[in-house]
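Right, one structure below, let's go through it.
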Amino acid sequence: MRTLTDPVDLIGASPAIAVVRDEIDYASRCDAKVLITGESGVGKEVVARLIHAASERRHFPLVTVNCAALTETLLETELFGHVRGSFTGAFRDRTGVLEQAHRGTVFMDEVGETTPRMQGLLLRFLETGEIQRVGSEKTEARVNVRVIAATNRNLVDAVASKAFRDDLYYRINVIQLHLPPLRERLEDVAALLPYFLEMFAAQYSTPVPTVSSDAMALLETYHWPGNVRELKNVAERLVVRSRNGTIGVQDLPMNLLRAEPQAPAAPAVSHSRADSLYERVVAARESFWSAVYAPFMSRDMTRDDLRALVRKGLEQTGGNYRVLTELFNMPAADYKRFLNFLRKHHCHVAFQQYRTIQGRPLSMPAESVAERKVGAR
Ligand SMILES: Nc1ncnc2c1ncn2[C@@H]1O[C@H](COP(=O)(O)OP(=O)(O)O)[C@@H](O)[C@H]1O
Ligand SMILES: [Mg+2]
């Protein structure tokens, strides 16, 4: 467990980072749970800290727990605390992280790595806010914490394969914030590298080295499997090693020199995207939530793709969103959630034009009545 206090910045000038900044802003104004997704080293913890620091909870602690670093038993004591005598070595009562973070925020890193039992405990906590310390029979306290969770796993797949509880997933995934890997926003290298070079130069009290243009070109095409964390490490090495104040290609780490430059990403073929998604949900019976929602939230598909998919479905169901919910492989109970999701992202397509009686569009007034009855307005 760590209590995080030192300030952080989110550096980057890419459109992706601009979106993330907006989302941080939005998340810090409300108190909803946040799920941050993205590969290791992309900046998930930075984002969690910025949300907390800008939120109403900033005067209270932000506590981080790495769920992957502890065994189930240790994680349980860490989170919920324990009572004296509950295990060998438990000489006195101890409060857990969740109590320590009362009125503040808990950042649960690698939440995708938790065991089924731990997922059950977490779910119960999120539902009640109640703390039951290890070894205790009763509820010790009721706390008010905001949970920000992070994972580098694809939780949608983990839910599909039953490795992660779907009820817990829906509970923590109120605001989802995705950080793309650095290789998909290479323009950020030009902002991050000088930032880290200056930071380490100050730390080691050496002059800030300058980077030659060919070295920079290499850095800006490297695929950065370790993301920003890797770039930060490279910057530290360069500061420590740079002798004459200039960094040339020969000063770069070997693995960077050996790597093949990244091929530019293939342009998205969006006209057929809706068709292939339609295939997946309607023909292959995949759930809308995994086939469409997840890639949409992680920005792998555009609003236009989503609208095209919805239009295709409405054509099929004669403009009926309730039937569409089922056609897209969601339980009927997800109807409201489906509509809210579409509205929130401005992808709710007007149904009127799809409502027909024997191929003729219905008149508007009759239509509004019919639609109001099913609660879609
Ligand atoms: N956009 C960014 N601006 C500044 N520093 C960043 C940025 N993204 C990541 N970092 C730094 O890179 C390292 C890895 O980031 P971290 O948030 O721990 O990644 P993750 O939690 O996704 O594994 C940290 O030292 C962090 O401060
Ligand atoms: Mg991390």
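Atoms within each ligand, like the ligands themselves, are counted from 1 in listed order.
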Practice item. May I ask you to check if ligand 1 and R185 share an N or O to N or O distance below 3.5 Å? Key: no

Practice item. Determine the interplanar angle of the H348 and Y321 rings, folded into 0 to 90°, and report it as parallel if under 30°, tilted if 30 to 60°, perpendicular if over 60°. Key: parallel

Check your understanding: Does I131 belong to the same Ile/Leu/Val/Met/Phe/Trp/Tyr cluster as V134, with side-chain heavy atoms less than 4.5 Å apart forming each link?
Key -> no

**Study point:** Part of K232 with heavy atoms under 4.0 Å of ligand 1, whether side chain, backbone, both or neither
**Key:** side chain

Review point. Can you get from Y195 to L186 by hopping between Ile, Leu, Val, Met, Phe, Trp and Tyr side chains that sit under 4.5 Å apart?
Key: yes

Exercise for review: Within a distance under 4.0 Å of any heavy atom of I11, pick out the atoms of ligand 1 and give their elements.
Suggested key: 1 (N), 2 (C), 3 (N), 4 (C)

Review point. Which word best sums up how the rings of F196 and F200 line up, parallel for under 30°, tilted for 30 to 60°, or perpendicular for over 60°?
Key: tilted

Check your understanding: Is the H52-F107 ring centre distance short of 6.0 angstrom?
Key -> no

Practice item. For atom 23 (O) of ligand 1, find the nearest protein heavy atom and state the residue, atom name and distance (0.1 Å precision). Key: G41 N, 2.7 Å

Point to revise | Aromatic centroids of F338 and F288 separated by under 6.0 Å | key: yes

Revision key, fill the gap. Min over A48, G226, G43, A191 of heavy-atom distance to atom 16 (P) of ligand 1 lands on G43

Exercise for review: Identify, with sequence neighbours excluded, every residue that meets side-chain hydrogen bond (donor to acceptor under 3.5 Å, both in side chains) alongside R146.
Suggested key: none

Check your understanding: Does L192 come within less than 4.0 Å of ligand 1, judged by its heavy atoms?
Key -> yes

Exercise for review: Can you sort out which atoms of ligand 1 are near E39, meaning under 4.0 Å from one of its heavy atoms?
Suggested key: 22 (O)

Review point. Is F196 touching ligand 1 with its side chain, its backbone, both, or neither, if touching means heavy atoms under 4.0 Å apart?
Key: side chain

Check your understanding: Which residues satisfy the side-chain hydrogen bond (donor to acceptor under 3.5 Å, both in side chains) test with K232, sequence neighbours excluded?
Key -> none

Study note, to complete from the structure: closest protein heavy atom to atom 10 (N) of ligand 1 is V228 CG1, 3.4 Å

**Study point:** Heavy-atom nearest neighbour in the protein, as seen from atom 26 (C) of ligand 1, with distance rounded to 0.1 Å
**Key:** V46 CG2, 3.5 Å

**Study point:** Check ion pair E78-R94 (N to O, under 4.0 angstrom)
**Key:** yes

Check your understanding: For the rings on F60 and H102, is their centre-to-centre separation under 6.0 Å?
Key -> no

Exercise for review: Taking only heavy atoms of E45 into account, list the atoms of ligand 1 that are under 4.0 Å away from them.
Suggested key: 17 (O), 18 (O), 21 (O)

Exercise for review: Could you check atom 4 (C) of ligand 1 against the protein and tell me its nearest heavy-atom contact, residue, atom and distance included?
Suggested key: D9 O, 3.3 Å

Study note, to complete from the structure: protein heavy-atom neighbour closest to atom 18 (O) of ligand 1 works out as R229 NH2, 2.9 Å

**Study point:** S40 touching ligand 1 at heavy-atom level, < 4.0 angstrom
**Key:** yes

Check your understanding: Would you say G12 touches ligand 1, if touching means a heavy atom closer than 4.0 Å?
Key -> no

